[in-house]
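When a residue number appears, it is its place in the shown sequence, counting from 1. Whatever order the structure lists them in is the order used to number ligands and atoms, beginning at 1.
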Amino acid sequence: MSASTEVLVDFDEALERYDPALGLEVHVELNTATKMFCGCPATFGGEPNTQVCPTCLGLPGAMPAVNGKAVEAAIRIGLALNCEIAEWCRFARKNYFYPDMPKNFQTSQYDEPIAFDGFMDVEVDGTTFRVEIERAHMEEDTGKSTHVGGATGRIHGADHSLVDYNRAGIPLIEIVTRPIVGAGARAPEVARAYVAQLRDLILALGVSEARMDQGNLRADVNLSLAPKGSGVLGTRSETKNVNSFRSVERAVRFEVARHAGVLDAGGKVVQETRHFHEDTGITTSGREKSDAEDYRYFPEPDLVPVAPSREWVEELRATLPENPTAKRARLQAEWGYTDLEMRDTVGAGAFGLVEETIAAGASPQAARKWWVAELARRANDTGVELAAVGVTPAQVAAVQALVEGGTINDKLARQVFDGLVAGEGTPEEIVAARGLAIVSDDGALGAAVDKAIEANPDVAQKIRDGKVAAAGALIGAVMKEMRGQADAGRVRELVLERLS
Ligand SMILES: [Zn+2]
């Protein structure tokens, strides 16, 4: 069915007749040094097919071995999601053919996941939804196909395809929720908040870069509708690889409208995978979804079972970071931010950077001012993430120290940031090299004040006559003369001294 023939029902209207059920499957690409079952580097961006070996290429006779660091990360993720950790579990072969999967099966986990039965409390505008986690299991990523010659980059219309196996075998953790019911009209926001909070948790654990735009964190969004109050689960669609928080929300919203259209017309929702389109906000049909039995799962015979000792699990539990949601509330109180200031800080992706800047000595308000107002704008203008804007938290704290010490003012500080982005050295070096320091030396200031008085005799006369407010014009002239680098307070004193 193509998108154009679909009848969409208004979202609010749909929810008058149907209850939505969400399900989220999130793949997290771990940042281990090596792949899941071989010693190949797992780094991003290498020349195609240079980070491969007989094991991850699935050559005959090659034997896999489990990456202990990946198991450790899986257990820590499971614990952070309040899961039970299996005492004994195995890998399984998930059999299917796909050109970017050289073994013709994916080594995954089936009925014996490493972590299961957990939950995460998700906050949406002050209301808490408990999202139950069914499982978190270990598996490997596939390679990457590039379709060449078509207009869209998809396989349709391409004249040939290239395959890069560097990504084949990179460790993944797949986190699967139980059906999330009862969110009603808030289902799109709950889905978004769950993925956002999960990303925060993954970052706090330090087990992945968790960049959605680079595919380190990929969300599949399941949605179904059932007649309101029926308590059953309808047939679901699965929208694959949605790659931003906003898109997660939009995909849910669109699927609610689409499912309602199908059901209102007396039709049946097809169980299938769908693609989300960023530009239009719609989903289109992918392929009909196979049921698990079609994959002919069976235990992987080449790998030993994973049996983490309880001592190890408890050791790993002790390494868990503070829950990000609790931490945010604690720091908001500590920093004295309003809800709006906090939302802006988090929304700008500046939370961690602000925290580090404060740790480096800046006040909470100064840290927020530079990151959320000045540097976020630059990141936006250049289309990079805030962390990649070219300025570190320590440098922001150093610039603010120069402002507070009177060496520069806020306006000059912006020029120091220009220098930092251009790689001109430390803030102090940039102030010296660009000659940005504020002049408070009376000799230099006095000469500029005299010049301003001479150039503006009318203004000078007004001040002599007692109209002190007129001093602003002379101070402005001095500031202009000194390219904004004069100590304005001292200039005012000198003006009034000379004209009293
Ligand atoms: Zn390899």
Side-chain angles (χ1 to χ4, degrees), residues 25-78 86 89-110 112-115 136-148 155 160-175 202 205-211 214-218 240-241 295-308:
E25 296 173 17
V26 174
H27 286 88
V28 178
E29 198 178 79
L30 299 181
N31 59 2
T32 50
T34 57
K35 291 186 180 181
M36 188 76 219
F37 303 114
C38 64
C40 290
T43 44
F44 178 79
E47 283 291 303
N49 298 309
T50 54
Q51 296 169 190
V52 292
C53 72
T55 299
C56 56
L57 286 176
L59 300 186
M63 290 293 278
V66 177
N67 180 339
K69 283 287 176 194
V71 176
E72 180 180 307
I75 293 173
R76 293 180 72 232
I77 290 172
C89 64
R90 284 178 297 188
F91 286 95
R93 292 188 180 186
K94 181 181 184 182
N95 296 284
Y96 63 104
F97 171 78
Y98 211 73
D100 58 16
M101 198 177 62
K103 297 187 296 189
N104 279 349
F105 60 84
Q106 181 187 29
T107 308
S108 180
Q109 293 196 290
Y110 179 45
E112 299 167 350
I114 182 106
H137 69 253
M138 301 180 282
E139 60 184 33
E140 59 179 338
D141 211 343
T142 58
K144 192 175 189 312
S145 299
T146 305
H147 306 295
V148 184
I155 196 165
H160 65 283
S161 298
L162 301 167
V163 188
D164 174 10
Y165 291 115
N166 284 354
R167 200 178 66 180
I170 288 188
L172 291 180
I173 306 299
E174 180 174 344
I175 300 160
I202 296 295
L205 288 163
V207 293
S208 170
E209 304 314 312
R211 294 266 306 260
Q214 288 190 356
N216 306 136
L217 193 134
R218 315 197 277 268
K240 302 289 283 184
N241 294 334
Y295 289 118
R296 304 293 188 273
Y297 279 101
F298 65 84
E300 167 60 60
D302 288 346
L303 288 166
V304 293
V306 176

Those residues at least two apart in sequence (or on a different chain) that pass ring pair (Phe, Tyr, Trp, His ring centres under 6.0 Å) with Tyr98 are none
side-chain hydrogen bond (donor to acceptor under 3.5 Å, both in side chains) filter on Lys94, not counting sequence neighbours, yields none
Compute whether any side-chain donor of one residue and acceptor of the other, for Asp164 and Thr146, lie under 3.5 angstrom apart.
no
The reported gap from CE in Met63 to CG in Leu303 (rounded to nearest 0.5 angstrom) is 8.0 Å
Hits for side-chain contact (heavy atoms from CB on, under 4.5 Å) against Lys144, two or more places apart or cross-chain, chain-then-number order -> Arg167
Would you please indicate if the ring centroids of Phe37 and Phe91 are separated by under 6.0 Å?
yes
Counting only protein N, O or S atoms and ignoring waters, those under 2.8 Å from the Zn ion (ligand 1) are Cys38 SG, Cys40 SG, Cys53 SG, Cys56 SG
